[in-house]
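A quick write-up on the structure given underneath.
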Amino acid sequence: MSQIKLKLPDGQFLDVKKGNTVLDVAEQIGSGLAKVAIAGKVDGVLTDLRTPLLQDADFEVVTKKSDEALEVYRHSMAHIMAYAVQKKYPDAKFGIGPSIENGFYYDFDLPAKITADDFEEIESSMQEIIKANLPFERKELTKEEALDFFEKKGQKYKVELIRELEDQPITIFRLGDFVDLCRGPHMKSSGEISAFKLLSVAGSYWRGDEKREMLQRVYGTSFRTPKELKAHLDMLEEAKKRDHRKLSKELGLFSTHEEIGPGLIIWHPNASRIRHVIEAYWKEQHYKHGYELLYTPHIGQSVLWETSGHLNYYQDSMYSPIDIDGANYYLKPMNCPFHIMAYKSELRSYRDLPLRWAELGTVYRYEKSGVLHGTMRVRGFTQDDAHIFCTPEQMAGEIREILRFSLSLWRAFGFSEIKAYLATKPAKAAGKDNEKWEQATEALKNAIIAEGLDWEVDEGGGAFYGPKIDLKIRDALGREWQMTTVQFDWNLTERFDMTYIGADGEKHRPYMIHRALLGSLERFFGVLTEHYAGAFPPWLAPVQAVVLPIADVHIPYAEKVLAKLRNAGIRASIDTSDDKIGYRIRQAQLKKIPFMIILGAEEAEEDKVTVRYRNGENKKMLDLNEFIDSVEWRKADI
RNA sequence: GCCUGUAUAGCUCAGAAGGUAGAGCACUUGCAUGGUAAGCAAGAGGUCGUCAGUUCAAUUCUGACUGCAGGCUCCA
């Protein structure tokens with residue numbers, strides 16, 4: 001038997017017998033290690049413990065504590081769940097069952113519908129499987145053997161998958177009576193798993209294709225310990241509490257109406273106040289960053305959308321035309337053509353560039369009814385849009401500037417964890433303008449690196465008209481939201497035949513960059529609401545302070561304090577209802593108002609105020625002016 | 001759009017073998033002027049999402065539609 005050479009993480013080499021399994025090697029390194037081994041990593045690929053090693057490789061043992069082990073756990077959980085489902089429905093056909101962030105799922109084709117009521121039964125069946133401590137048995141088959149095996153079982157989805165597999169041999173895993181096509185890796189046995197819970201069931205298309213069969217997908221979550229599981233379930237609870245749709249009802253933020261139409265948002269006074277503050281800050285910052293602001297119409301004639309190409313490529317997302325005097329007008333799904341028309345209304349010189357034109361532009365897009373979600377996904381929304389027209393030489397600097405600007409906005413709104421995704425040339429743009437693509441992609445990459453952002457490449461994720469950067473921001477619950485997008489566009493400049501006169505006196509094509517920093521105000525507002533759980537920081541809070549006189553006799557003094565607060569530009573209100581002070585404090589607390597100014601005989605006498613902070617903290621007998629000075633009522637540079 | 005649920009007062013939710021409904025909060029009024037998360041009492045408020053079907057009778061059963069929810073696909 002020949003030997004192979006494995007390179008361990010510490011740089012040492014280990015000679016082992018060819019054909020030894022990952023587990024054998026772990027054993028060789030140390031029996032303690034073998035005990036805690038969950039899988040191996042061979043040349044960076046997660047590999048099952050039972051896999052024989054056939055050639056020299058970088059070798060690493062994945063132990064219980066690593067994140068990769070958690071993936072293995074969850075993937076194994078998916079098999080255990082599938083086994084439980086097979087016990088309940090022997091005719092079940094199986095789709096796929098991977099591990100995902102925070103859990104796992106499995107897709108089933110079943111003779112009956114699974115509902116949440118079935119979870120308890122399936123869970124206890126899973127418990128039994130775990131208790132039985134059944135081994136996961138790995139077996140290698142040829143493609144023919146595998147096809148034969150699953151065809152006999154009537155597992156048509158597995159057969160379809162195997163047909164497309166090129167790797168030989170094909171591996172299957174057996175757990176009790178459940179045999180699944182699977183690359184692995186898996187645990188040694190089902191008993192090594194402890195904390196799990198089934199969460200939900202939903203439909204999902206086979207292979208994500210809406211023309212294919214609809215399968216039933218059961219989602220579950222699992223962790224190494226019950227404690228971690230509980231922490232995750234608590235987080236889900238917390239997310240429910242923070243749901244912007246729920247908070248909207250509690251705080252009076254927005255509404256939608258069947259009579260108006262789905263996905264169309266009515267902003268109520270409190271949300272409108274917040275939006276006003278956001279917009280005011282946004283506009284001020286844009287002027288500071290060298291932008292000009294534009295206002296453009298909501299509709300435009302068909303010829304505009306023909307030129308832009310939207311009627312060709314984007315019509316599915318556009319609403320039917322409106323006939324005006326025999327001409328077809330379309331509601332705008334994007335603002336760019338209008339900005340381009342503004343550009344084209346004059347002859348432009350290279351001396352005019354760059355032009356940075358921004359607009360809070362409200363657009364309308366047809367979104368499938370099933371995707372609508374609160375203010376996060378709607379049919380009418382306002383983008384914080386801008387278009388930058390520049391020379392090719394200016395491009396890199398402009399990108400850099402946009403990123404920096406975006407980061408400063410996110411910081412201002414209280415978000416600090418940001419990740420960039422560099423979307424490169426897609427297959428459909430293949431061949432064309434390679435040099436341009438490379439240049440622009442390079443500029444985007446350099447900007448990301450210069451800003452010190454965490455990032456990864458989204459290979460082929462760019463639009464057909466140019467590469468882009470998307471920024472995802474992480475909220476207080478650790479959830480990621482895609483917000484900022486910065487996109488190159490060589491298509492529209494061409495279609496609209498945009499030009500500028502260069503230093504050489506000749507016409508040149510400008511570069512165009514689309515960008516939205518917050519994304520859309522509706523979506524941003526939803527994220528902001530959930531991030532702060534409705535307890536907006538003072539500068540954003542619709543009501544910043546409420547004045548609460550203890551009893552009627554204190555109203556005159558309270559009015560005086562209210563006037564002073566308002567004079568200082570603070571959004572303050574007064575609650576003179578005849579409820580007792582405890583009740584009014586409760587009301588203010590439920591409305592998450594940052595400051596309660598409580599005034600009674602003592603305060604009136606000494607011309608002081610008592611402040612109750614939103615967190616319950618109480619500061620008695622403060623000087624009003626000193627209190628006012630202690631709070632950031634507005635972002636410094638508004 | 002597709003799958004699975006779901007729809008009762010402004011909100012959160014009960015409810016009936018098919019005989020037109022109830023609580024808490026909110027709201028209105030009265031009493032109480034009360035120092036840090038719900039004072040007391042009374043009152044008002046619903047064609048039980050819409051339209052059909054079955055039935056002597058439908059808010060309850062059936063179907064369609066619409067909205068909403070969780071997913072899938074798509075996306076700011």
Side-chain angles (χ1 to χ4, degrees), chain A residues 95 105 107 109 113-117 199-219 240 243 245-246 248-250 252 255-263 316-317 333-335 361-363 365-385 470-471 481-485 487 514-527 548-555 576-591 596-603 610-614 616-620:
Chain A
Y105 69 78
D107 286 344
D109 187 347
K113 285 161 196 161
I114 289 189
T115 70
D117 295 337
L199 293 179
S200 61
V201 55
S204 91
Y205 299 108
W206 170 235
R207 315 200 87 176
D209 183 342
E210 57 189 340
K211 293 186 187 68
R212 304 288 308 262
E213 294 90 334
M214 179 63 75
L215 306 178
Q216 297 189 64
R217 174 172 298 178
V218 178
Y219 284 93
K240 251 188 218 168
D243 190 310
R245 294 163 302 181
K246 182 169 149 65
S248 168
K249 280 181 183 158
E250 292 165 13
S255 60
T256 57
H257 303 265
E258 216 172 315
E259 298 89 329
I260 296 171
D316 286 351
S317 297
M334 294 187 192
N335 303 301
T362 304
V363 297
R365 298 180 187 173
Y366 172 74
E367 299 285 353
K368 291 176 177 178
S369 61
V371 307
L372 302 174
H373 180 90
T375 65
M376 303 284 202
R377 191 76 185 275
V378 292
R379 286 182 172 163
F381 57 96
T382 301
Q383 290 182 306
D384 72 317
D385 207 359
D470 288 330
L471 297 187
W481 303 90
Q482 206 246 281
M483 310 299 278
T484 298
T485 181
Q487 312 188 352
H514 306 256
R515 52 113 276 205
L517 301 184
L518 304 177
S520 87
L521 289 177
E522 283 74 7
R523 154 113 111 217
F524 174 63
F525 179 69
V527 171
L548 304 176
I550 299 282
D552 285 358
V553 290
H554 310 121
I555 290 178
T576 56
S577 63
D578 51 12
D579 297 298
K580 291 173 112 169
I581 190 67
Y583 184 85
R584 282 174 290 149
I585 285 172
R586 178 179 155 81
Q587 294 307 312
Q589 197 75 48
L590 291 175
K591 293 292 174 207
M596 295 170 227
I597 316 291
I598 297 166
L599 305 173
E602 294 166 45
E603 288 81 2
T610 289
V611 179
R612 185 188 157 106
Y613 293 74
R614 188 162 48 188
E617 195 186 339
N618 217 22
K619 286 193 185 159
K620 292 196 169 138

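To find a chain, count down the sequence lines: A is the first, B the second, and so on, and within it residues start at 1.
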Calculate the interatomic distance between [X] atom [atom1] and [N] atom [atom2]; express it in whole Å.
X        : N      : atom1 : atom2 : answer
A:Asp470 : B:rC75 : CG    : P     : 11 Å
A:Ile581 : B:rG34 : CD1   : P     : 12 Å
A:Lys211 : B:rC2  : NZ    : P     : 14 Å
A:Ile550 : B:rU36 : CD1   : P     : 8 Å
A:Leu590 : B:rA37 : CG    : P     : 12 Å
A:Met334 : B:rA76 : CE    : P     : 8 Å
A:Ile585 : B:rU36 : CD1   : P     : 7 Å
A:His257 : B:rA7  : NE2   : P     : 21 Å

N-O pairing of A:Asp209 and A:Arg207 below 4.0 Å:
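No.
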What is the nucleic acid contact for [X], judged by heavy atoms within less than 4.0 Å: base, sugar-phosphate only, or nothing?
X        : result
A:Thr610 : base
A:Asp578 : base
A:Glu603 : base
A:Ala588 : nothing
A:Lys368 : base
A:Glu250 : nothing
A:Val553 : nothing
A:Tyr366 : sugar-phosphate

Compare all side-chain heavy atoms of [X] with those of [Y] and state whether any distance is below 4.5 angstrom.
X        : Y        : answer
A:Met483 : A:Leu517 : no
A:Gln589 : A:Arg614 : yes
A:Phe381 : A:Arg523 : no
A:Ser369 : A:Arg379 : yes
A:His554 : A:Thr576 : no
A:Glu522 : A:Thr382 : yes
A:Met596 : A:Arg584 : no

Distance between the [atom1] atoms of [N] and [M], in whole angstroms?
N      : M      : atom1 : answer
B:rU29 : B:rG35 : C1'   : 27 Å
B:rC65 : B:rA41 : C1'   : 46 Å
B:rC48 : B:rA14 : C1'   : 13 Å
B:rA44 : B:rA76 : C1'   : 45 Å
B:rA57 : B:rA16 : C1'   : 15 Å
B:rU28 : B:rU66 : C1'   : 34 Å
B:rA23 : B:rG70 : P     : 32 Å
B:rC27 : B:rG34 : C1'   : 22 Å

Rounded distance (nearest 0.5 Å) linking atom [atom1] of [X] with atom [atom2] of [Y]:
X        : Y        : atom1 : atom2 : value
A:Tyr613 : A:Asn618 : OH    : CG    : 9.5 Å
A:Asp578 : A:Tyr583 : CG    : OH    : 10.5 Å
A:Thr610 : A:Lys619 : OG1   : NZ    : 12.0 Å

Nearest of [options] to any side-chain atom of [X]?
X        : options                : result
A:Gln482 : B:rG35, B:rA76, B:rA37 : B:rA76
A:Asp552 : B:rG5, B:rG34, B:rU36  : B:rG34
A:Lys113 : B:rU4, B:rC74, B:rG35  : B:rU4
A:Lys580 : B:rA37, B:rG35, B:rG39 : B:rG39

Examine B:rG35: is either OP1 or OP2 under 4.0 Å from a nitrogen or oxygen in the side chain of A:Tyr583? Give yes or no.
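No.
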Please determine whether a side-chain nitrogen or oxygen atom of A:Lys249 lies at a distance below 4.0 Å from atom OP1 or OP2 of B:rU12.
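It does, given that an N or O in the side chain of A:Lys249 lies less than 4.0 Å from OP1 or OP2 of B:rU12.
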Could you write out RNA chain B as dot-bracket? Rules: Watson-Crick or G-U wobble, both distances under 3.5 Å, brackets [ ] for crossings, | for pairs with another strand, dot for unpaired.
(((((((..((((.....[..)))).(((((.......))))).....(((((..]....))))))))))))....
Chi angles and distances behind the side-chain contact (heavy atoms from CB on, under 4.5 Å) call for A:Ile598, A:Ile585
CA-CA 9 Å; A:Ile598 297 166; A:Ile585 285 172; 3.7 Å; yes
Which is more 5' along RNA chain B, the nucleotide nearest A:Leu518 or the one nearest A:Arg614? Just name the residue.
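It is A:Arg614 whose nearest nucleotide is closer to the 5' end.
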5' to 3', nucleotides 60-72 of chain B under a 4.0 Å protein heavy-atom cut-off (B base, S sugar-phosphate only, - none) gives ------BSSSBBB
Measure distances between side-chain N and O atoms of A:Gln589 and base N and O atoms of B:rA38, and say whether any donor-acceptor pair falls under 3.5 Å.
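Per atom types, no contact qualifies.
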